[in-house]
Structures are given as C-alpha cells and as structure tokens.
Engineer: 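Below is one structure. I have some questions about it.
Values below: every heavy atom of this structure, side chains too, minus hydrogens, waters and symmetry copies. Everything numeric in this text was worked out from a predicted model, so none of it was measured. Letters go in sequence order (proteins before strands), and every chain restarts at 1.
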Amino acid sequence: MLIPHPLLGPRDAQEFTYLGDASLLNRPDGMAEGALDAFNRHVYLRDNPAGVHRELWFHEQGDRSWLVVTRNTLTHEILGAELARDVALAQKGGAK
Amino acid sequence: MRFSGFRVLKEALTGHHGWKPLWRNPEPQPAYDVVIVGGGGGGLSTAYHLAKVFQGKRIAVLEKGWLGSGNIGRNTTIIRSNYLLPGNEPFYEFSMKLWENMEQEFNFNAMVSQRGILNLIHTDGQRDAYRRRGNAMLLAGADAELLDREGVRAMYPWLNFDNARFPIKGGLLQRRAGTARHDGVVWGYARGADLLGVDIIQNCEVTGFRIENGKVLGVETTRGYIGAKKVGVAVAGSSSRVMQMAGMRLPIESHVLQAFVSEGLKPVVDGVITFGAGHFYVSQSDKGGLVFGGDIDGYNSYAQRGNLPVIEEVAEGGLALMPAIGRARLLRVWGGIMDMSMDGSPIIDRTPVDGLYFNGGWCYGGFKATPASGYCFAHLLATDRPHETATAYRLDRFERGYVIDEKGMGAQPNLH
C-alpha cells in the first residue's frame with residue numbers, strides 16, 4: 001500500500017505504524033458528566049466498518065508525523081491522507 | 001448414516017453407490033426455539049452441543065454462504081491449550097479434552113493428531129515466563145514440559161540453534177497439542193447436528209434483527225423472516241457488521257491474518273514449532289506441505305487477503321529458524337478476517353438485547369477453541385448461565401476493568 005503523504009508524496013505503508021480509528025483523536029473530557037461511559041466508548045468500542053474507514057497512521061520511519069488516512073477496508077484502496085494535526089484543529093472549530 | 005470399517009469395506013465392494021449426502025438441505029421453518037447465525041466452526045459446534053448435551057429442540061443454523069466458508073476453512077489447524085491466565089487456561093484445556101474425544105463422539109474422522117507443540121525459548125527471561133506458563137497449564141490440568149537446548153535438539157536437530165539474534169535455549173512443550181483437519185471438524189459437527197434434527201440452512205444471509213421492547217423476536221434473512229425465541233450470533237470476523245444491525249458497537253476490530261503452505265516435502269516437521277521472537281510458526285500437513293504463518297497485517301481489513309510485506313517478514317522468520325527450507329517453494333497464500341478484541345481474548349455472553357447472545361472476538365485463536373466455544377455458547381443459550389470455564393468472557397469486562405490480556409498490550413487490537 002502506498003500512502004499519499006500530504007508533505008512527502010506517496011510513501012510505502014511499511015514506513016508507518018498503525019494505531020486505529022481516527023475517532024481516537026477525540027479524547028473525552030475527564031471532568032465532564034458521564035466521563036466513565038465516554039472513556040469506555042473511546043478506549044474500547046469501535047465502529048469497525050466494512051468499507052471506508054478513517055484511521056491514524058504514524059510515519060515512524062519518515063518525518064514522524066501523524067496522518068489520518070481514508071482507506072477502504074474491503075479493498076485496501078487508499079482514498080486520501082491528511083495531517084492528523086489539521087484534522088484535530090478543524091474538529092476543534094477552525095485552525096488557531 | 002454411521003461410518004465404520006465394515007461400512008467402508010461394503011461400499012468398496014459395491015461400487016460406492018451407498019453413500020448419501022452428510023446432511024439435509026431443508027427449507028427454513030417460520031420459527032425456531034433457537035436460531036444460530038453463522039455456519040462456521042463456532043455455530044455448528046454450538047448447534048451440535050445444544051442439541052446433544054442440552055437436548056435443545058427446533059434449532060436452526062443460518063449460513064450466508066456454504067458451510068465452513070469462513071475462518072474454519074482458512075486457519076492453520078493448530079489445537080493447543082498453552083495459555084497463562086486463569087480466565088483462559090481452564091477454557092482451552094476443556095476444549096483440548098473435547099478434541100481428544102470428538103471423533104468417537106460424532107463418528108467422523110477429523111484427523112485429530114496430538115503431535116505436540118513446541119514454543120521456543122531464546123533468553124533467560126523467556127524461560128522464566130514459559131516456566132510460569134507451564135505451571136499455570138499444569139494447575140489447570142493440562143500437560144507441559146520445559147525442555148533445555150539439548151532436549152529441543154533431540155526433537156529437531158536441523159533447527160538453527162545459533163542464530164546470532166535468537167539462539168535457541170530451550171522450549172516449552174505440550175505433547176497433547178497438535179493439529180486437526182479443519183474441514184473434517186466442520187463436516188463432523190454439521191452431520192452430527194443434522195442427525196440430531198438441527199436445520200442447517202445455507203445461502204441464507206441475516207439482513208437484520210427484529211427487536212421489540214428490548215427483546216429479539218427473530219431475524220430478517222435473504223430467505224424471509226425467521227422467528228426465534230433466542231438468537232445466538234457466532235460470526236467471528238464479521239461480528240461488528242452483524243451486531244451493528246442490532247444497534248451494538250463492539251470492543252472488536254477486524255484484521256487480516258495470512259497463512260501459507262509450501263509445496264509437498266518429505267516428512268521433516270512432525271509437530272508444531274512456534275518461533276514467537278521471529279513471528280513464525282510451522283507444522284507439516286499429512287500431504288507434506290509446510291503450513292506456516294506469522295503476525296496479522298496490522299490494519300483494519302475485511303478483504304480476506306493481505307499484503308506482501310508480511311509475506312516477506314514471515315519468510316524471513318522461517319529461514320532464520322529453518323535455513324533448510326530455503327529452496328522450498330511457496331504454494332499458496334491466503335487470508336482470513338479475525339475479530340481482534342481489545343484484550344486478545346474472546347467474548348461469550350448475553351447482550352443488552354433480551355434473547356440475543358454473542359460469541360466472538362476469537363482473535364487468531366478460534367480454531368483450537370471450536371469444541372469448547374460451541375459447548376459453552378450452547379450452555380449459555382440453554383441455561384442463561386455461563387459455563388464454568390467461560391465465566392470470564394463477559395461483554396462488559398472492558399468497562400468494568402476485568403480484561404484478560406495474555407500479552408499485556410492494552411486496548412490495541414493489532415498488538416494482541
């Protein structure tokens with residue numbers, strides 16, 4: 001698999017390590033109401049879709065950036081990659 | 001139809017015209033007491049034990065393809081009970097004992113061969129860990145022997161004992177472990193269940209659950225609605241997809257694990273050898289092919305095929321351990337989809353939906369569990385209580401902090 005790194009261009013997936021679903025970026029607030037339940041869902045439960053999946057890959061043997069890769073789990077086709085930092089900032093309501 | 005030596009002789013003399021199909025191909029009834037979703041090893045073993053041990057009536061097994069078209073036909077056929085933790089080891093030893101009696105019990109040749117499994121040791125730390133594991137196995141009634149370097153050499157003199165990185169210092173041997181003919185297991189359980197009156201319905205995919213007021217009433221299928229008092233789901237590999245139809249998210253990721261077989265060779269490996277440090281394990285089939293594998297590819301997948309880097313890594317591990325196989329050619333490579341759970345251990349439990357039961361999360365260890373997985377799931381379906389060896393396999397153990405993490409990897413499914 002080749003991952004289209006937004007800064008470095010196409011890179012072999014072997015240079016990366018895999019973490020899991022991109023929802024892991026959304027760490028719950030430990031002080032909020034229902035934090036125990038929120039952390040259970042965050043740490044242990046997964047959508048695990050058959051089809052398009054957004055997931056975190058770490059460019060360990062490259063520039064050590066975290067990427068959010070969009071990939072089809074039925075075909076292994078990679079549909080896109082973004083810097084995880086950009087995704088996280090966008091989720092928090094715009095780049096700051 | 002029972003098999004016997006006399007029967008084989010009689011058929012041989014009369015042109016083999018007397019053999020009949022091993023199971024019926026019935027139309028689905030409008031309703032059953034228990035519907036089991038998934039006609040693989042787990043589902044068929046469940047149906048067999050439910051009918052035989054717990055005298056269940058009106059049982060159906062629904063399979064979306066043909067029997068055994070999933071992981072029971074895509075594994076490396078190893079059976080063993082060499083686990084460490086108290087939540088696991090009694091269950092796998094129960095499974096091992098069921099393997100030992102299975103062929104006599106269901107009158108079918110599953111080619112269970114107790115040829116032994118050897119886990120190699122390379123460091124003092126690993127020897128301590130395996131000694132502890134061996135003791136845990138003995139406590140649960142299994143067998144275990146710690147071998148020194150010369151003990152391993154006596155069994156497999158052609159291993160590379162002086163690998164620069166992982167020299168072989170000994171091994172943990174379980175003599176009662178071994179291999180079984182995976183398809184024979186499917187066919188034996190299917191025929192056994194069919195003889196006990198279980199309807200095995202193939203090409204019948206479940207497309208939804210009918211749930212009212214928190215209670216399951218039946219399943220929607222490609223062959224119409226089928227009512228059921230209880231529904232048991234045993235579809236490891238596709239668990240998340242099926243349980244999502246009941247509105248559940250599971251502590252499971254689906255990953256692809258590849259397996260390999262070489263061209264047929266003269267007998268050389270008479271047991272099972274695992275080289276954990278090199279991510280490689282191997283046995284030899286009765287046809288002579290070396291059957292081997294390594295780690296999962298490591299990313300979510302439903303593709304039933306993997307990628308080349310893992311093939312290269314497994315081949316490297318194999319050559320490091322057994323340089324003699326350098327000229328052997330690889331014949332086939334295939335992939336299966338594993339339910340990788342968050343602690344590396346399975347789940348056999350009720351669900352929040354009344355009447356809906358779940359069996360899954362087998363990671364890449366489901367084959368050896370086939371008999372006990374079915375027995376314990378049948379126990380749960382019949383009595384609403386977990387079997388005594390499966391009390392730890394609860395669905396809510398993650399939330400409650402009672403994980404069964406053999407490798408101590410945490411909630412990272414691709415590392416289990």
Engineer: Test B:Arg397 against every option in B:Asp349, B:Asp343, B:Asp405 by the salt bridge (charged side-chain N to carboxylate O under 4.0 Å, His left out) rule and name the one that passes.
Structural biologist: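 Among B:Asp349, B:Asp343, B:Asp405, the one meeting salt bridge (charged side-chain N to carboxylate O under 4.0 Å, His left out) with B:Arg397 is B:Asp343.
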Engineer: Measure from NZ or CZ of A:Arg64 to the centre of the six-membered ring of A:Phe58 and say whether it is under 6.0 Å with the direction within 45° of the ring axis.
Structural biologist: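 Geometry flag: not set, cation outside 6.0 Å or 45°.
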Engineer: Taking the inter-plane angle between the rings of B:Phe260 and B:Phe292 on a 0 to 90° scale, is it parallel (under 30°), tilted (30 to 60°) or perpendicular (over 60°)?
Structural biologist: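 Plane angle under 30°, so parallel.
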Engineer: Sub-3.5 Å donor-acceptor pair from the side chain of B:Asn71 to the main-chain atoms of B:Arg74, do we have one?
Structural biologist: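 Flag not set: sc B:Asn71 to bb B:Arg74 has no pair under 3.5 Å.
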Engineer: Please look at A:Asn40 and chain B and tell me whether the side chain, the backbone, both or neither of the residue comes under 4.5 angstrom of a heavy atom of that chain.
Structural biologist: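 For A:Asn40, the contact with chain B is made by the side chain alone.
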Engineer: With rounding to the nearest 0.5 Å, note down the distance linking CG in A:Leu8 to CD1 in A:Ile3.
Structural biologist: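 So the gap between those two atoms works out to 11.5 Å.
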Engineer: Under a 3.5 Å threshold, yes or no: a donor from one side chain and an acceptor from the other, between B:Thr76 and B:Tyr281?
Structural biologist: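 Yes, a side-chain donor-acceptor pair sits under 3.5 Å.
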Engineer: Under 4.5 Å from any heavy atom of chain B, what part of A:Leu36 do you find: side chain, backbone, both or neither?
Structural biologist: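 For A:Leu36, there is no contact with chain B at all, as no heavy atom is under 4.5 Å.
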Engineer: Quick check on B:Leu250 against chain A: is it the side chain, the backbone, both or neither that has a heavy atom closer than 4.5 Å?
Structural biologist: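 Just the backbone, heavy atoms under 4.5 Å.
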Engineer: Report, in residue-number order, which members of residues 355-364 of chain B are under 4.5 Å from chain A by heavy-atom distance.
Structural biologist: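 No residue falls under the 4.5 Å cut-off.
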Engineer: Using heavy-atom distances under 4.5 Å, tell me whether B:Asn300 contacts chain A through its side chain, its backbone, both, or neither.
Structural biologist: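 Contact with chain A: backbone and side chain both.
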Engineer: Out of B:Asn75, B:Ile72, B:Thr46, which residue meets the side chain to side chain contact (heavy atoms under 4.5 Å, CB included) rule with B:Thr370?
Structural biologist: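 Of the listed options, the one satisfying the test is B:Ile72.
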Engineer: A side-chain contact here means heavy atoms from C-beta on lying under 4.5 Å apart; do B:Leu395 and B:Pro251 qualify?
Structural biologist: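 They are in side-chain contact.
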Engineer: Quick one: which of B:Gln244, B:Gln304, B:Arg305, B:Met248 has the most heavy-atom pairs under 4.5 Å with chain A, could you say?
Structural biologist: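 Result: the option with the highest number of such pairs is B:Arg305.
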Engineer: Pick whichever of A:Asp21, A:Val43, A:Asp47 has the most heavy-atom pairs under 4.5 Å with chain B.
Structural biologist: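 Among A:Asp21, A:Val43, A:Asp47, the one with the most close pairs to chain B is A:Asp47.
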Engineer: Regarding B:His255 and B:Asp339, do their side chains bring together a donor and an acceptor under 3.5 Å, going by distance alone?
Structural biologist: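 B:His255 vs B:Asp339: no donor-acceptor pair found between side chains.
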Engineer: Check whether B:Arg249 gets within reach of chain A through its side chain, its backbone, both or neither, counting any heavy atom under 4.5 Å.
Structural biologist: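 Both backbone and side chain.
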Engineer: For chain A, which candidate among B:Leu308, B:Asn414, B:Val256 shows the most heavy-atom pairs at distances under 4.5 Å?
Structural biologist: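 When all of B:Leu308, B:Asn414, B:Val256 are compared, B:Asn414 has the most.
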Engineer: Could you tell me which portion of B:Gln412 (side chain, backbone, both or neither) has an atom closer than 4.5 angstrom to a non-hydrogen atom of chain A?
Structural biologist: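 Contact with chain A is through the side chain of B:Gln412 alone.
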Engineer: As an exercise: rank A:Arg71, A:Gln14, A:Glu55, A:His53 by heavy-atom pairs under 4.5 Å with chain B and give me the winner.
Structural biologist: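 Most pairs with chain B among the choices: A:Arg71.
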Engineer: For residues A:Thr17 and A:His59, is any side-chain donor paired with an opposing acceptor at under 3.5 Å?
Structural biologist: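 Judged by distance alone, the side chains do not pair up.
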Engineer: Are any of the side-chain heavy atoms of B:Ser69 and B:Glu63 separated by less than 4.5 Å?
Structural biologist: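 Of all side-chain heavy-atom pairs linking B:Glu63 with B:Ser69, at least one is under 4.5 Å.
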